[in-house]
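Contents: one structure, followed by commentary.
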Amino acid sequence: MTVRVRFAPSPTGYLHIGGARTALYNWLYSKAVGGTFVLRIEDTDLERSKREYEELQKQDLKWLGIIHDEGPDKPNPKYGPYRQSERLDIYAKYAQQLIDKDLAYYDFTTDEELEAIKAKSEAEGGFAGHYQGKWKNPEMKAEALKKIAAGEKPAIRFRAPMKDFTLQDKVKGEVVYPADMVGDFVIMRSSGLPTYNYCCVVDDMLMEISHVIRGEDHLSNTVRQLMLYEAFKAKPPIFAHVSLLIGQDRQKLSKRHGATSVHLYKEEHYLPEALCNYLTLLGWSHPQETDIFEKNEIVSLFDLERFSAHSAIYDLVKLKWVNGQHLRKITNSDLVKELAAIVPAGHAFLSQSADWKEKCVDLLKQKVDFITEMIPMMDQLIFDEEIEMSDELKDILSWETTPKIISYISAEVGKLSESYASEAQLNTWSEFVKKDLGIKGKPLFMGLRAALTGKGHGPDLKHLIPLTPVSVLKKRAAKLGA
RNA sequence: GGUCCCAUCGUCUAGCCCGGUCUAGGACAUCGCCUUUUCACGGCGGUAACUGGGGUUCGAAUCCCCAUGGGACUACCA
C-alpha cells in the first residue's frame with residue numbers, strides 16, 4: 001500500500017508548536033515507510049488566511065528540517081492544486097453530486113433563525129445544534145432552485161445518516177459515534193466556500209491520503225468525515241489522533257503559556273534538532289527509551305503503535321536540557337560557524353584565530369544550554385575588564401595571601417609583550433607563587449584565579465587564560481591592585 | 001447540558017493489548033556524594049507515582065463496571 005500523509009495547516013498565523021509536532025509525526029511516518037509527505041494549505045477562511053503566513057510556516061518547517069515531497073511549490077499534476085482556495089470548483093462539483101443524489105440539500109436558514117432554533121432546542125434540553133429531519137420535504141428542492149434563480153444564496157447541508165459510526169483509531173482504538181451525535185451539517189457556506197470537515201474529506205480522498213495523523217481535537221469531528229466518505233463511497237484513510245499539547249495549568253497550549261510559535265525558537269537560536277527531539281518525545285516513546293536523538297536516527301523505528309493516548313504538558317525546562325545535550329554534540333568547527341553567525345557585528349570573537357575560536361566554543365559549550373548564552377558567557381569570562389565585587393571575591397581578597405599574589409601577577413602580566421599568555425606561562429606563575437611566595441592549596445588557586453580573572457570561580461584556568469587577551473589581564477590586575 | 005476521549009513519580013514516560021518476571025523501570029527537575037583544590041560538564045546515589053471504589057481471578061498497574069478529575073467537540077472556524 002502506498003503511504004501518503006499530509007500536514008494541512010491554516011495560514012492564519014505562525015507555525016504553532018503543536019502543529020510542528022503533528023507535522024513531525026507525519027514526516028517521520030512517511031520516511032519510516034517510504035511514503036509521500038504532502039503539504040496542503042487550508043485557506044478557506046478568507047478572513048484570517050494570509051499568503052505571508054503560508055510562507056512563514058513553510059520557512060519554519062524548513063528550519064526544523066521537515067521537508068515535504070508535494071505541495072504548492074512541488075506540485076504533482078495528479079493531485080494538485082494544494083491550496084484549498086484554488087480547489088473551489090472541485091468542492092462545488094462534489095457538492096453538486098451530493099445534491100443530485102439527495103445526500104445533501106440547500107438550506108436558506110439565516111443566522112438569526114439558526115440561533116433561535118438552537119436556543120429553543122437547548123431550552124428544551126434537547127440536542128443543541130441538531131437539525132435532523134428538518135428539511136426532508138421533497139418539494140423543497142424545486143422551491144430551493146426557484147429561490148436560487150431569484151438570486152438567493154443558500155448553504156448546502158449534508159444529510160447526516162441516523163446510524164452509528166465506528167472508527168478504528170491507531171491511537172484511541174475503537175471509537176463509536178452514536179447515531180444522534182451530530183445532525184445535518186453545512187458543507188458549503190452560502191458564500192460558496194466549503195467548510196473544513198467537507199473539503200478535508202474531498203482533498204484527502206482526491207489526494208489519496210492513506211494515513212491521517214492529526215490532533216485529538218479532530219476526534220469528535222471525524223464522524224462527519226466518516227459520513228462523507230461513505231456518501232462518496234470512498235474508503236476512509238487510517239486515522240491516528242494524537243493527544244494534545246497542554247500548558248502547566250493543563251489547559252490547551254496558548255500564547256499565555258509563553259512561546260508557542262516555532263519562529264520564536266528560531267529567533268532564540270534553539271537547535272532545530274533539539275526542538276524536534278523534544279517534540280517527538282511528547283507523545284511518542286522510543287522503543288529503547290533513548291532520549292537524545294536526531295530525527296533521521298529514528299525514522300527506521302518510528303511507528304504508529306507507540307503514541308501515548310493522553311495529553312502532555314509542554315515543559316521548557318526539559319527542552320532546555322535537550323538543547324544542551326544537542327549543543328554538546330555539535331563539532332567545535334560547526335559551533336564556531338553557528339556562533340560567528342549570531343555574534344554582534346564587530347565582536348572580538350570574530351577577529352580571533354581559528355584555533356582560538358575552536359578552543360573557546362569547546363570551553364563555553366560545557367557551561368551553557370543555549371548558543372545565545374555563549375556570548376554573554378564569553379564576554380564575562382574572557383573579555384570583561386571590569387571587576388565585580390561579589391561576596392565570594394571579597395572573601396578571597398580578604399585573605400592575607402591574596403594581595404601578594406595580585407602584586408606579583410600584576411607585575412608579571414605587565415611584562416608580557418605577546419597578545420596571549422600560554423599555559424606554560426601560567427604554570428610558571430603558579431610555581432613561583434607556590435615556591436617563592438610559599439602559598440599553596442586553596443589560597444594559591446583561588447588567589448591566582450582572583451588575580452587573573454577578578455572572579456571567585458569559572459572554568460579551568462589552564463583553558464581560560466590562554467584565551468584571555470593579555471590586555472584584559474593587565475587591566476584587571478591594575479584594577480585589583482588599586 | 002449532550003457526545004466522545006483520557007487518567008503511572010512535580011513533569012515527559014516504560015510497563016497495560018498477550019494478568020504473575022513490578023518490593024513499578026528510565027529521563028527532566030530536585031537533594032546528596034564523587035570528580036574538578038573553583039564553577040560547569042560528567043559519574044554515582046536518594047526523595048518521589050499505579051485517582052478512588054467495586055468486580056473477575058489463586059493472583060490486577062495490567063481485564064470489566066461505577067465514581068471522581070481533566071480535556072476535546074458541540075459554528076455557514078480550521
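Reminder, nothing fancy here: chain letters follow the sequence lines and each chain counts from 1.
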Taking atom [atom1] in both [N] and [M], compute the distance separating them and give it to the nearest angstrom.
N: B:C28; M: B:G53; atom1: C1'; answer: 34 Å
N: B:U62; M: B:C9; atom1: P; answer: 14 Å
N: B:U8; M: B:G52; atom1: P; answer: 11 Å
N: B:A49; M: B:U56; atom1: P; answer: 29 Å
N: B:U51; M: B:G10; atom1: P; answer: 11 Å
N: B:C6; M: B:A67; atom1: C1'; answer: 16 Å
N: B:U47; M: B:A24; atom1: P; answer: 11 Å
N: B:U57; M: B:C64; atom1: C1'; answer: 12 Å

Across nucleotides 27-49 of chain B, 5' to 3', mark each nucleotide with B, S or - according to how protein heavy atoms within less than 4.0 Å reach it. BSS-------BBBSSS-------
Specify the separation, in whole Å, of atom [atom1] of [X] and atom [atom2] of [N].
X: A:Y278; N: B:U11; atom1: OH; atom2: P; answer: 12 Å
X: A:D204; N: B:A78; atom1: CG; atom2: P; answer: 14 Å
X: A:R214; N: B:C5; atom1: CZ; atom2: C1'; answer: 14 Å
X: A:Q168; N: B:C5; atom1: CD; atom2: P; answer: 12 Å
X: A:Y198; N: B:A78; atom1: OH; atom2: C1'; answer: 17 Å
X: A:L253; N: B:C12; atom1: CG; atom2: P; answer: 13 Å
X: A:L316; N: B:C12; atom1: CG; atom2: P; answer: 14 Å
X: A:R48; N: B:A75; atom1: CZ; atom2: C1'; answer: 12 Å

Examine the base of B:C76 for any acceptor or donor lying under 3.5 Å from a partner atom in the side chain of A:S190, and report the outcome as yes or no. yes
Does A:Y29 have its ring centroid less than 6.0 Å away from the ring centroid of A:H211? yes
Is the distance between the ring centroids of A:H68 and A:F7 less than 6.0 Å? no
Would [X] and [Y] pass as an ion pair if we require N to O under 4.0 Å?
X: A:R48; Y: A:D45; answer: yes
X: A:E55; Y: A:R51; answer: no
X: A:E273; Y: A:K295; answer: yes

Using 30° and 60° as the class limits, which term best fits the ring planes of A:H286 and A:F293: parallel, tilted or perpendicular? tilted
Once you measure the plane-to-plane angle for A:Y270 and A:F370, does it fall in the parallel (<30°), tilted (30-60°) or perpendicular (>60°) bin? tilted
Partner nucleotide of [N] by Watson-Crick or wobble geometry (both distances under 3.5 Å):
N: B:U21; result: none
N: B:U3; result: B:A72
N: B:C44; result: B:G32
N: B:A49; result: none

Reading RNA chain B from 5' onward, which residue's closest nucleotide shows up sooner: A:V175 or A:P194? A:V175
On RNA chain B, nearest-nucleotide positions of A:P178 versus A:W284: which is more 5'? A:P178
Looking for any heavy atom pair under 4.0 Å, which part of the strands does [X] touch: base, sugar-phosphate only, or nothing?
X: A:A155; answer: base
X: A:G283; answer: sugar-phosphate
X: A:V176; answer: sugar-phosphate
X: A:S243; answer: nothing
X: A:R306; answer: sugar-phosphate

Between the protein and nucleotides 66-73 of chain B, which nitrogen or oxygen pairs come in under 3.5 angstrom?
| unit_1 | atom_1 | unit_2 | atom_2 | d |
| --- | --- | --- | --- | --- |
| B:G71 | OP1 | A:Q251 | OE1 | 3.4 |
| B:G71 | OP1 | A:Q251 | NE2 | 2.2 |
| B:A72 | O2' | A:D217 | O | 3.3 |

For [N], does either OP1 or OP2 sit under 4.0 Å from a side-chain N or O belonging to [X]?
X: A:S285; N: B:U13; answer: no
X: A:R189; N: B:A78; answer: yes
X: A:H310; N: B:U13; answer: yes

Keeping [X] on the side-chain end and [Y] on the backbone end, is there a donor-acceptor pair under 3.5 Å?
X: A:T453; Y: A:R449; answer: yes
X: A:R157; Y: A:D184; answer: yes
X: A:Y265; Y: A:A259; answer: yes

Could you list the residues that satisfy side chain to side chain donor-acceptor pair (under 3.5 Å) with A:K394, not counting sequence neighbours? none
Does A:H241 form a ring-ring contact (aromatic ring centres under 6.0 Å, His included) with A:F239? I'd like the steps, not just the answer. CA-CA 6 Å; A:H241 285 94; A:F239 288 97; 5.7 Å; yes
